Visitor: 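Starting off with a structure, shown below.
Note that the structure is predicted; figures quoted are calculated from it, not measured.
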Amino acid sequence: MENGAAKPVIVAIDGPSGTGKSSTSKAVAAQLGLSYLDTGAQYRAITWWMVTNGIDTADPSAIAAAAAKPEILSGTDPANPTITVDGVDVAGPIREQDVTAKVSAVSAVPEVRARITELQRAIAASAVTGIVVEGRDIGTTVLPDADLKIFLTASPEARAARRSGELKGADLHTTREALIKRDAADSSRKTSPLAKAGDAVEVDTTELTLQQVVECVVTLVEEKRAGK
Ligand SMILES: Nc1ncnc2c1ncn2[C@@H]1O[C@H](COP(=O)(O)OP(=O)(O)O)[C@@H](O)[C@H]1O
Ligand SMILES: Nc1ccn([C@H]2C[C@H](O)[C@@H](COP(=O)(O)OP(=O)(O)O)O2)c(=O)n1
C-alpha cells in the first residue's frame, strides 16, 4: 500500500534548438501526469515585451533596467501550455522571426536570467506531482538537484530539417545557419550558457522517432522513481 503521496519528480531536459525538447517534454509530462514548463517561451515572452515597448535589444543596460517590468505567467498543463505577458496571450507572437532573432541577446543579460530563473524555481517548487522543465540551463543552473537530467542532441541537418518543416518550407540552408548562430550565442554567453550537466544522460535523437525518444525518457523517469 502507498504510504502517503509520492514525492514530486523533477525532470530537466536541455539541449540545442530543434533537438525535440518541447515535443518530448510535453509528451513525457502528459504520460506521467506531471506539469510542463517551456522556459524558452519565457525568454521569448520577455523579448517580445522589450521589442513591443521600444527597448533597444542591442543595449544590455537598457534591457537590464527594464527586466523587472513585464509580468510573465506560464500555464503548465502539458495538454494546453499557455504564456501571457501583462495578461496578454503571446503564444503566437513569441514565435515570430523578429523575436527569434533577438531572443539570444535578451536572454544573455544577467538581470533577465535572474528574474526568469526565480520564476522557474517557484513554478517547479509548486508542482504537486512533479514537473518536466525544458530549456538550456535547467540541469546546470535552474534545478541542479533535479531527479533526472536529460541532454538532447541531433545533427544540425536533422534539426534544420525539423525546423524548416515547421516553418512551412523555409529554406533549409538559411534555417540551418540561423540555428547554428543562435546555438553558438546561447553556448558562449557568460551567464548560464547552454551546457550539458555532468550528471545528465545524453540522448542523440538524430536517428530516433519522437515516440522512441519519449519512451526512452519515460523509462528513465520510471527507473529513477523505482530507485534504480
Ligand atoms: N525525434 C524526432 N524526429 C523527428 N522529428 C522530431 C523529433 N523530435 C521532434 N521533432 C520535430 O521537430 C520539431 C522541433 O521539435 P521541438 O520539440 O520544438 O524542439 P526544441 O524544443 O528542442 O526546439 C517539431 O516539429 C517536432 O515535431
Ligand atoms: N533555459 C533557457 C531557455 C531558452 N533560452 C533562450 C535561448 C534560446 O535561443 C531562446 C529560445 O528558446 P526556445 O526553447 O524557444 O528555442 P527553440 O526555437 O525552441 O529552439 O531562449 C535560454 O537562454 N535559457
Side-chain angles (χ1 to χ4, degrees), residues 10-32 34 36-44 47 78 81 94-97 99-105 107-108 120 131-143 146-189 192-224:
I10 306 282
V11 182
I13 302 194
D14 292 299
S17 180
T19 51
K21 298 181 300 299
S22 295
S23 345
T24 304
S25 301
K26 260 186 274 189
V28 168
Q31 210 164 309
L32 296 174
L34 307 177
Y36 159 70
L37 179 63
D38 175 356
T39 65
Q42 296 176 306
Y43 286 103
R44 286 172 174 275
T47 303
I94 62 168
R95 304 287 160 196
E96 281 172 14
Q97 190 49 44
V99 171
T100 303
K102 291 172 174 160
V103 65
S104 290
S107 58
Q120 292 161 353
I131 190 164
V132 183
V133 184
E134 54 123 334
R136 303 293 190 287
D137 62 337
I138 310 307
T140 54
T141 304
V142 179
L143 300 167
D147 299 290
L148 177 67
K149 300 177 187 179
I150 306 286
F151 194 80
L152 296 183
T153 62
S155 70
E157 288 68 29
R159 299 191 290 117
R162 292 173 189 174
R163 276 276 176 257
S164 46
E166 272 180 347
L167 302 172
K168 299 201 177 59
D171 175 66
L172 199 61
H173 179 74
T174 313
T175 306
R176 185 179 183 276
E177 295 309 300
L179 197 131
I180 288 172
K181 193 174 153 204
R182 186 148 59 90
D183 288 342
D186 295 340
S187 304
S188 62
R189 68 174 172 236
S192 197
L194 159 63
K196 176 179 173 289
D199 53 351
V201 179
E202 185 167 330
V203 180
D204 183 345
T205 71
T206 310
E207 304 289 341
L208 300 178
T209 63
L210 175 57
Q211 199 188 333
Q212 287 173 322
V213 182
V214 172
E215 275 168 21
C216 167
V217 177
V218 166
T219 303
L220 289 169
V221 175
E222 283 170 347
E223 282 175 3
K224 276 279 166 192

Visitor: Can you list everything that forms a side-chain hydrogen bond (donor to acceptor under 3.5 Å, both in side chains) with Thr205? Sequence neighbours excluded, please.
Guide: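 Partners of Thr205 under the side-chain hydrogen bond (donor to acceptor under 3.5 Å, both in side chains) test: Arg162.
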Visitor: State the OG1-CD1 distance between Thr24 and Ile13, to the nearest 0.5 angstrom.
Guide: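 Output value for this atom pair is 6.0 Å.
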Visitor: Using only heavy-atom distances, determine whether the side chains of Thr175 and Ser164 contain a donor-acceptor pair under 3.5 Å.
Guide: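 Thr175 vs Ser164: no donor-acceptor pair found between side chains.
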Visitor: Assess whether side chain to side chain contact (heavy atoms under 4.5 Å, CB included) is satisfied between Val142 and Val133, documenting all intermediate values.
Guide: CA-CA 10 Å; Val142 179; Val133 184; 5.6 Å; no
Visitor: Supply the atom-to-atom distance Leu34 CG to Ile10 CD1, rounded to the nearest 0.5 angstrom.
Guide: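 Here the interatomic distance stands at 9.0 Å.
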Visitor: With sequence neighbours left out, write down each residue that passes side chain to side chain contact (heavy atoms under 4.5 Å, CB included) with Ser155, or none if nothing qualifies.
Guide: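 Per chain and number, Ser155 pairs via side chain to side chain contact (heavy atoms under 4.5 Å, CB included) with Glu157, Ala158, Thr206.
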Visitor: Suppose we screen for salt bridge (charged side-chain N to carboxylate O under 4.0 Å, His left out). Which residues come up paired with Asp147, at least two apart in sequence or across chains?
Guide: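 Result, salt bridge (charged side-chain N to carboxylate O under 4.0 Å, His left out) vs Asp147: Lys7.
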Visitor: Suppose we screen for side-chain hydrogen bond (donor to acceptor under 3.5 Å, both in side chains). Which residues come up paired with Gln211, at least two apart in sequence or across chains?
Guide: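 For Gln211 the side-chain hydrogen bond (donor to acceptor under 3.5 Å, both in side chains) partners, ignoring immediate neighbours, are Glu215.
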Visitor: Is the shortest heavy-atom distance from the side chain of Val201 to the side chain of Leu220 under 4.5 Å?
Guide: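 The answer is yes; the side chains approach within 4.5 Å.
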Visitor: Provide the closest heavy-atom pair for Val217 versus Leu148 in the form atom of the first, atom of the second, distance.
Guide: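 It is O-CD2, 4.3 Å.
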Visitor: Closest approach of Gly135 and Thr39, non-hydrogen atoms and distance?
Guide: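 What the structure gives for the nearest pair is CA-OG1, 3.2 Å.
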Visitor: Return the set of residues passing salt bridge (charged side-chain N to carboxylate O under 4.0 Å, His left out) with Asp137 (not counting sequence neighbours), or none when no residue passes.
Guide: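 In terms of salt bridge (charged side-chain N to carboxylate O under 4.0 Å, His left out), with neighbours along the sequence ignored, Asp137 is linked to Arg113.
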Visitor: Taking all heavy atoms of Val203 and all of Cys216, pick out the closest pair and write down the distance.
Guide: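 Scanning both residues completely, I find the closest heavy atoms to be CG2-SG, 4.2 Å.
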Visitor: Between Val11 and Val28, is the side chain to side chain contact (heavy atoms under 4.5 Å, CB included) condition met? List the steps.
Guide: CA-CA 10 Å; Val11 182; Val28 168; 5.6 Å; no
Visitor: Ignoring hydrogens, what is the shortest heavy-atom contact between Ala12 and Gly139? Give both atom names and the distance.
Guide: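 Taking Ala12 first and Gly139 second, the nearest heavy atoms are CB-N, 3.9 Å.
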Visitor: Taking only residues two or more places apart in sequence or in another chain, which ones pass side-chain hydrogen bond (donor to acceptor under 3.5 Å, both in side chains) with Thr174?
Guide: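 Checked Thr174 against side-chain hydrogen bond (donor to acceptor under 3.5 Å, both in side chains); matches are Asp171.
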Visitor: Output the distance between atom CD (Gln120) and atom CD1 (Ile138), rounded to the nearest 0.5 Å.
Guide: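 One gets 5.0 Å once the value is rounded to the nearest 0.5 Å.
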Visitor: Keeping the roles fixed (side chain from Arg44, backbone from Thr47), state whether a donor-acceptor pair exists under 3.5 Å.
Guide: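 No; judged by distance alone, with no hydrogens or angles, the pair does not exist.
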Visitor: What is the minimum heavy-atom distance between Ala27 and Val214, and which atoms define it?
Guide: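 Shortest heavy-atom separation between Ala27 and Val214 comes out as CB-CG2, 3.7 Å.
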Visitor: Please list, chain by chain and in numerical order, all residues satisfying side chain to side chain contact (heavy atoms under 4.5 Å, CB included) with Ser17, sequence neighbours excluded.
Guide: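 Here the qualifying residues are Arg136, Arg159, Arg163, Leu179, Arg182, Asp183.
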Visitor: Strictly by salt bridge (Lys or Arg N to Asp or Glu O under 4.0 Å), give each pair with a member in residues 12-31 just once, sequence neighbours left out.
Guide: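 Found none.
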Visitor: Could you measure the distance from the OG1 atom of Thr19 to the CG atom of Leu152? Nearest 0.5 Å is fine.
Guide: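 Output value for this atom pair is 4.5 Å.
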Visitor: For the residue pair Glu134 and Ser22, what are the closest heavy atoms and their distance?
Guide: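 Taking every non-hydrogen atom into account, OE2-OG, 2.6 Å.
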Visitor: Taking C-beta and beyond as the side chain, do Arg176 and Ile180 meet within less than 4.5 Å on heavy atoms?
Guide: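 The answer is yes, as the side chains (C-beta and beyond) meet within the 4.5 Å cut-off.
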Visitor: How many angstroms lie between NZ in Lys181 and OG in Ser104, if you round to the nearest 0.5 Å?
Guide: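 If we round to the nearest 0.5 Å, Lys181:NZ and Ser104:OG are 9.0 Å apart.
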Visitor: Taking side chain to side chain contact (heavy atoms under 4.5 Å, CB included) as the definition, give me every residue that meets it alongside Ala200, ordered by chain and number, with sequence neighbours left out.
Guide: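 Partners of Ala200 by the side chain to side chain contact (heavy atoms under 4.5 Å, CB included) criterion, ordered by chain and then number, come out as Lys149, Phe151, Lys196, Ala197.
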Visitor: Listed by chain and number, what are the side chain to side chain contact (heavy atoms under 4.5 Å, CB included) partners of Ala41, not counting sequence neighbours?
Guide: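 Partners of Ala41 by the side chain to side chain contact (heavy atoms under 4.5 Å, CB included) criterion, ordered by chain and then number, come out as Asp38, Ile83, Ile94, Arg95.
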